[in-house]
Amino acid sequence: MSADVYNRSMDCVMVDKGPVAHKPPSSSGCQSSPLLSQGSPTKQNRSAIKYGELIILGYNGHLPSGDKGRKKSKFILGKKPSGNGVKPFRKHVVKNAQAAKALQDPQSHSVTYTLSRHQAVVVEYKQDEDTDMFQIGRSSEPPIDFVVMDTIPGNLRSMNEGITQSTISRFACRILVDRNPPYTARIYAAGFDSGKNIFLGEKAVKWYVGEEIDGLTTNGVFIMKPQEGFYPPGKPGVWREVSVGGAIYPLRESRSAPLKTNQIKDEDNVLQDGTLIDLCGATLLWRSALGLISSPSEHEFENLVETINAGRPQCPVGLNTLVLPKKGTLGLSDRQPYVYLQCGHVHGQHQWGQKDDKTARTCPLCLKDGTFIKLKMGCELSFYADSDPPTHCFNPCGHMASEKTVRYWSELPVPHGCQGFQAICPFCATPLCAETGFIKLIFQDNTD
């Protein structure tokens with residue numbers, strides 16, 4: 001892409017009146033892609049440039065308890081008034097961790113690698129005015145820009161509202177973004193604490209060969225870049241692990257295994273549109289500002305839903321007109337659509353074909369037995385892989401999205417536990433059915 005073409009594209013993510021705070025959900029409930037970075041207007045930052053978004057999988061536009069401060073379902077990364085990035089400067093070999101602490105400058109950042117009781121390596125970092133740094137983790141301390149908690153799958157939230165022991169690191173990772181076009185974003189494992197330090201203990205996976213010093217965090221930071229892009233969707237890529245220094249490695253045998261494998265030198269830590277970041281407890285999707293320009297806007301999405309509603313789909317049993325919700329559901333309305341997951345026929349709520357166990361019903365149109373659930377609109381538009389109408393739904397949760405969107409996510413294994421993987425609904429994190437993770441919706445519409 002030429003510089004002129006890039007600059008014209010970036011006009012869509014720049015304004016001249018200063019940045020505004022991340023806008024709250026609209027009355028429609030669906031989350032469009034804000035064009036501005038977070039923060040309050042300042043004289044020094046009159047032109048707000050948005051680098052991209054980080055969206056946590058499993059939330060349909062907002063956290064169950066609501067988005068508050070640095071804890072929310074979507075984070076906007078925007079250009080800061082001045083660069084706060086850092087880069088490696090020099091390293092020192094010391095006798096032990098205590099000597100390393102005495103060496104550290106409280107005004108500068110550093111990474112300490114404890115090799116043994118009698119040897120440690122301290123890497124000093126210096127300011128990099130050409131990059132902006134964003135830190136992500138479980139801690140609510142000031143150095144963390146985006147607070148991330150463990151994601152509870154939607155099918156378990158009613159029975160388990162809290163996590164007793166989190167597996168997400170307090171200072172999980174950091175992202176550095178170039179302040180100049182093309183605004184390249186890179187990810188690194190581990191974040192700096194309140195003392196501007198990263199400390200890898202004696203048991204952490206690390207290596208010191210020649211002039212190279214690097215390491216992996218306890219539970220690891222995994223990334224997955226889609227093949228051939230995210231929009232329109234290509235194919236899911238291969239999961240890799242990123243090191244503290246930003247190098248890329250194959251996954252260890254288990255999440256916290258003490259041994260590393262050989263570095264993959266032809267791959268890098270650059271975040272491309274659609275990259276997934278797994279923090280061992282929560283998975284985030286990176287959408288670049290340019291990638292989001294192609295995604296459906298809130299207005300475009302509402303028009304797609306209205307087109308389906310204009311066909312006046314009916315319940316074959318109650319003969320009442322159904323209405324697809326522009327947000328999650330219509331509640332107890334008699335117009336709320338339901339679907340038989342075995343066949344895809346859409347109905348209203350009724351009691352026909354009810355089984356004794358109340359978990360399955362017989363569809364009156366095709367006489368197949370299957371689960372009968374309420375349809376819910378997938379409202380986080382950043383998860384959409386195209387701009388087609390929401391004609392399919394995930395199985396078994398019932399979140400609606402376009403065909404290409406449900407196909408892409410149903411083929412994408414997301415890390416689960418120490419060494420497992422499973423496909424999930426991006427809107428609620430419910431594991432998808434192994435046989436078919438989605439189903440096409442069949443409406444009885446245009447019957448006039």
* To do: Please list, chain by chain and in numerical order, all residues satisfying ring-ring contact (aromatic ring centres under 6.0 Å, His included) with F394, sequence neighbours excluded.
  =>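 With neighbours one apart ignored, the set is empty.
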Between [X] and [Y], is the gap from one ring center to the other below 6.0 Å?
| X | Y | value |
| --- | --- | --- |
| Y408 | F230 | yes |
| F383 | F427 | yes |
| F134 | W286 | no |
| Y125 | H109 | no |

Going from [atom1] on [X] to [atom2] on [Y], what distance comes out if it is rounded to the nearest 0.5 angstrom?
| X | Y | atom1 | atom2 | answer |
| --- | --- | --- | --- | --- |
| L290 | Q272 | CG | CD | 13.5 Å |
| R240 | N269 | CZ | CG | 14.0 Å |
| S297 | L381 | OG | CG | 8.0 Å |
| L271 | T184 | CG | OG1 | 10.0 Å |
| F192 | S108 | CZ | OG | 9.5 Å |
| I76 | R287 | CD1 | CZ | 12.0 Å |

Side-chain H-bond candidate by donor/acceptor type, [X] with [Y], under 3.5 Å:
| X | Y | value |
| --- | --- | --- |
| Y231 | S387 | yes |
| S169 | R138 | no |
| E202 | T114 | no |
| N395 | T436 | no |
| S194 | E141 | yes |

* Asked: Is it true that K235 and E411 make a salt bridge, defined as a side-chain N closer than 4.0 Å to a carboxylate O?
  ->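 Salt bridge flag = yes for E411 with K235.
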* **Side-chain ion pair, R174 and D145, N-O less than 4.0 Å** =>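 Answer for the salt bridge query: no.
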Closest approach of [X] to [Y] (non-hydrogen atoms, all atoms of both residues):
| X | Y | result |
| --- | --- | --- |
| A401 | T405 | CB-CG2, 3.9 Å |
| S73 | L63 | N-CG, 3.8 Å |
| P390 | L304 | CD-CB, 4.3 Å |
| I439 | Q342 | CD1-C, 3.9 Å |

I want to check something: taking the side chain as every heavy atom from C-beta on, are [X] and [Y] in contact at a cut-off of under 4.5 Å?
| X | Y | answer |
| --- | --- | --- |
| K74 | I56 | no |
| I308 | P389 | yes |
| L412 | L276 | yes |
| C428 | H399 | yes |
| T112 | N197 | no |

* **N/O donor-acceptor pair under 3.5 Å between K225 side chain and D268 backbone** =>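 Present.
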* Asked: Is N60 reaching over with its side chain to a backbone N or O of M377, donor-acceptor style, under 3.5 angstrom?
  ->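 Between the backbone of M377 and the side chain of N60 there is a qualifying donor-acceptor contact (under 3.5 Å).
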* **Residue pair E124, K91: steps toward the salt bridge (charged side-chain N to carboxylate O under 4.0 Å, His left out) verdict** => CA-CA 6 Å; E124 287 188 73; K91 59 178 176 287; over 6 Å; no
* With R407, which residues qualify under salt bridge (charged side-chain N to carboxylate O under 4.0 Å, His left out), at least two apart? ->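 Once residues adjacent in sequence are excluded, the partners of R407 under the salt bridge (charged side-chain N to carboxylate O under 4.0 Å, His left out) criterion are E403.
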* Residue K196 excluded, over 12 heavy atoms near NZ under 6.0 Å ->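 Enclosed: over 12 neighbouring heavy atoms sit under 6.0 Å from NZ of K196.
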* Within 6.0 angstrom of E300 CD, more than 12 heavy atoms from elsewhere ->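 Yes, because the 6.0 Å sphere around CD of E300 holds more than 12 heavy atoms from other groups.
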* Please report the C-alpha distance between Y249 and W239 in whole Å, then the side-chain angles of each, then the deciding distance to 0.1 Å, and finally whether the ring-ring contact (aromatic ring centres under 6.0 Å, His included) criterion is met. => CA-CA 9 Å; Y249 293 87; W239 283 95; over 10 Å; no
* **Option among D128, D132, D178 that satisfies the salt bridge (charged side-chain N to carboxylate O under 4.0 Å, His left out) test with R186** =>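 Running salt bridge (charged side-chain N to carboxylate O under 4.0 Å, His left out) over D128, D132, D178 with R186 returns exactly one hit, D178.
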* To do: Report yes or no: is the cationic atom of R361 (NZ for Lys, CZ for Arg) closer than 6.0 Å to the six-membered ring centre of Y338, at no more than 45° off its axis?
  =>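 No, cation not above the ring by the 6.0 Å, 45° rule.
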